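Keep in mind that this is a model prediction, so the values were computed, not measured.
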Amino acid sequence: GSSIVNASDGGVLAGFTADVEFDVLDDANAVAAEVTGSNGAGDLDEANSVVISGGNVDAAEAAAIQSISGYEGSASDYDVTDTAAALISAGDGVLNEAGVDTVSVISGPVDADTGEALAELSKDVEFDVADTANAVAAEVTGSNGAGDLDEANSVVISGGNVDAAEAAAIQSISGYEGSASDYDVTDTAAALISAGDGVLNEAGVNVVSVSDGATSANEGAALAGFTADVEFDVADNAGALISQMSDSDPASYLTEANSIVVDDGAGSSIVNASDGGVLAGFTADVEFNVVDDANAVAAEVAGAGVGSL
C-alpha cells in the first residue's frame, strides 16, 4: 500500500498528463539529478512529498532540492559540499535549511578573510584556514572578534610578522596548529617582556625581535631570561651594565645579546680605566672606549695583566 517511489520514477510519473498521487524517497544526488541540468526545476513538484535520505550535493543542487514544492526538510538528512565561494554565496538561506546535515568546503584550506565569512554563517561549516600571521591576526583583533575563526577545524600560519598581542590572539584561536605554523614576532622590548614565554615560546613562533632599538641592561637581562630566543641589542651606561652583568643570574650576563655597547645617554662610549677593566672581564663582549690618566690605565694593566683593556 506504499505510494513511495524513487526520484527517477517520480520524474516519469510527474511527466504524465494525468495527475498521479505519489511520494518520493531517495538520496540527494538522485533527487537533484531530476530537478537540475537538462531536467526542469519543477519536475518533481507533482509529488505529494519529497524526502531526502542521505547523499551529498553542491549548494546549487541543495537549493534546487529545497525548491521542490513537496520537499520535507524535517524528515530529510543530507550533506552539502562545495567551494567556499559557492557556500558563502548560497548563505544560510540554503545551508541552514531543515534537512541539511554537514556542510563542508571542498577546495582545501581557505584564507583568513574567507574563513571569517564562513564563520559568520549560522550554519556550522567544516573548513580549515591557512594564511599569513598578519592576515589571520586581522580577523581576530581590532574591530573583529577574538573568536571569529574559532569555527575553523584548523588554522595554520604560514609566514608573516606580527606583534606580541597579535601573536597571543592567533594562539588563542581554538583550531590553531602551532606545530604546522611558522611566523615571526616583532615588538618593543616592553611588550615582549610583558608577553613572556607564554606567547613567545609557543609552537609556530620562529624569530622574535625587538623593534624599538637597543634595550637597557635591565630589559636585556629580562629578555635573555626567556626560553624563547630573542634578537636584541643592549646599550646602557657603564654603571648600569656593570651592575646588571655582575649579578649571579646567568641571564644577567647578557650573552644572549647580539651586541652590547656603552652609551652614557649622550651617545658616548667612553669609560674610565677602572670601569673598562670590569667591562673587559665579562664573558659577553662589550664595546667601549677608555679615557683616563696614565696612572689609572697603568694600574689596570699592571693588576689585571697586559691586554686586559
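- In the hydrophobic clustering of ILVMFWY residues, with side-chain heavy atoms under 4.5 Å counting as a link, V100 and L25 come out apart.
- T186 places no side-chain N or O within donor-acceptor distance of the main-chain N or O of S211, the cut-off being under 3.5 Å.
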Apply the test side-chain contact (heavy atoms from CB on, under 4.5 Å) to residues I242 and L279: give CA-CA distance (whole Å), side-chain angles for both, the deciding distance (0.1 Å), then the verdict. CA-CA 7 Å; I242 292 170; L279 292 168; 3.7 Å; yes
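- At distances below 3.5 Å, not a single donor-acceptor pair connects side-chain atoms of E256 with backbone N or O atoms of V230.
- Closest heavy-atom contact between S104 and L87: O-CD1, 3.5 Å.
- In terms of heavy-atom proximity, F282 sits nearest to L241 at CE1-O, 4.5 Å.
- Rounded to the nearest 0.5 angstrom, L149 CG and I173 CD1 are separated by 5.0 Å.
- Under the 3.5 Å distance criterion, the side-chain polar atoms of N29 are matched with a main-chain donor or acceptor of N56.
- V234 and V261 are assigned to two separate hydrophobic clusters, defined by single-linkage of ILVMFWY side chains at heavy-atom distances under 4.5 Å.
- Between the side chain of D184 and the main chain of V207, a donor-acceptor pair closer than 3.5 Å is present.
- Of the possible polar contacts, one joining the S174 side chain to the D150 backbone as a donor-acceptor pair under 3.5 Å is found.
- In this structure, CD1 in I4 is found 11.0 Å from CG in N48, a value given to the nearest 0.5 Å.
- Within the 4.5 Å cutoff, no side-chain heavy atoms of E300 are placed close to those of V290.
- Separating the CD atom in E116 from the CG atom in L118 is a distance of 9.5 Å, to the nearest 0.5 Å.
- V51 approaches A75 most closely through the heavy-atom pair CG1-O, 3.3 Å.
- No path of Ile, Leu, Val, Met, Phe, Trp and Tyr side chains, each step under 4.5 Å between heavy atoms, connects V80 with I106, placing them in separate hydrophobic clusters.
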I'd like to know whether V208 forms a side-chain contact (heavy atoms from CB on, under 4.5 Å) with D229, so could you lay out the CA-CA distance, the side-chain angles of the two residues, the decisive distance to 0.1 Å, and finally the verdict. CA-CA 7 Å; V208 180; D229 289 332; over 6 Å; no
V105 and T114: CA distance, side-chain angles, deciding distance, side-chain contact (heavy atoms from CB on, under 4.5 Å) verdict: CA-CA 11 Å; V105 172; T114 301; over 6 Å; no
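- Considering all non-hydrogen atoms of both residues, D264 and N237 come closest at CA-CB, 4.2 Å.
- Residue D263 holds its CG atom at 8.0 Å from OG of S268, rounded to the nearest 0.5 Å.
- Formation of a donor-acceptor pair under 3.5 Å by the E166 side chain with backbone atoms of D163 is found in this model.
- No donor-acceptor pair under 3.5 Å is formed between the side chain of S89 and the backbone N or O of A85.
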Between E34 and V24, does a side-chain contact (heavy atoms from CB on, under 4.5 Å) hold up when you go through it step by step? CA-CA 11 Å; E34 295 301 320; V24 170; over 6 Å; no
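- Rounded to the nearest 0.5 Å, atoms CD (E21) and OG (S3) are 8.5 Å apart.
- Taken to the nearest 0.5 Å, the OG1 atom of T36 stands 8.5 Å off from the CD1 atom of I65.
- Smallest separation of non-hydrogen atoms from A135 and A112: O-CB, 3.6 Å.
- In summary, the side chains of S252 and D249 do not present any donor paired with an acceptor at a separation below 3.5 Å, with no hydrogens or angles considered.
- Transitive grouping of hydrophobic side chains (ILVMFWY, heavy atoms separated by less than 4.5 Å) keeps V278 and Y253 in distinct clusters.
- Of all heavy-atom pairs spanning Y78 and V57, the tightest one is CD1-CG2, 4.2 Å.
- Listed for the K123 side chain is no donor-acceptor partner under 3.5 Å among the backbone atoms of T102.
- A side-chain N or O of D92 and one of S122 form a donor-acceptor pair less than 3.5 Å apart.
- Side-chain atoms of F232 and T215, non-hydrogen and from C-beta on, do get closer than 4.5 Å to each other.
- Judged by distance alone, with hydrogens and angles left aside, the side-chain atoms of S181 form a donor-acceptor pair with the main-chain N or O of I157 at under 3.5 Å.
- For the residue pair D236/S216, the side-chain donor-acceptor check at 3.5 Å is not satisfied.
- Side-chain atoms of D124 do not come within 3.5 Å of backbone N or O of E151 as any donor-acceptor pair.
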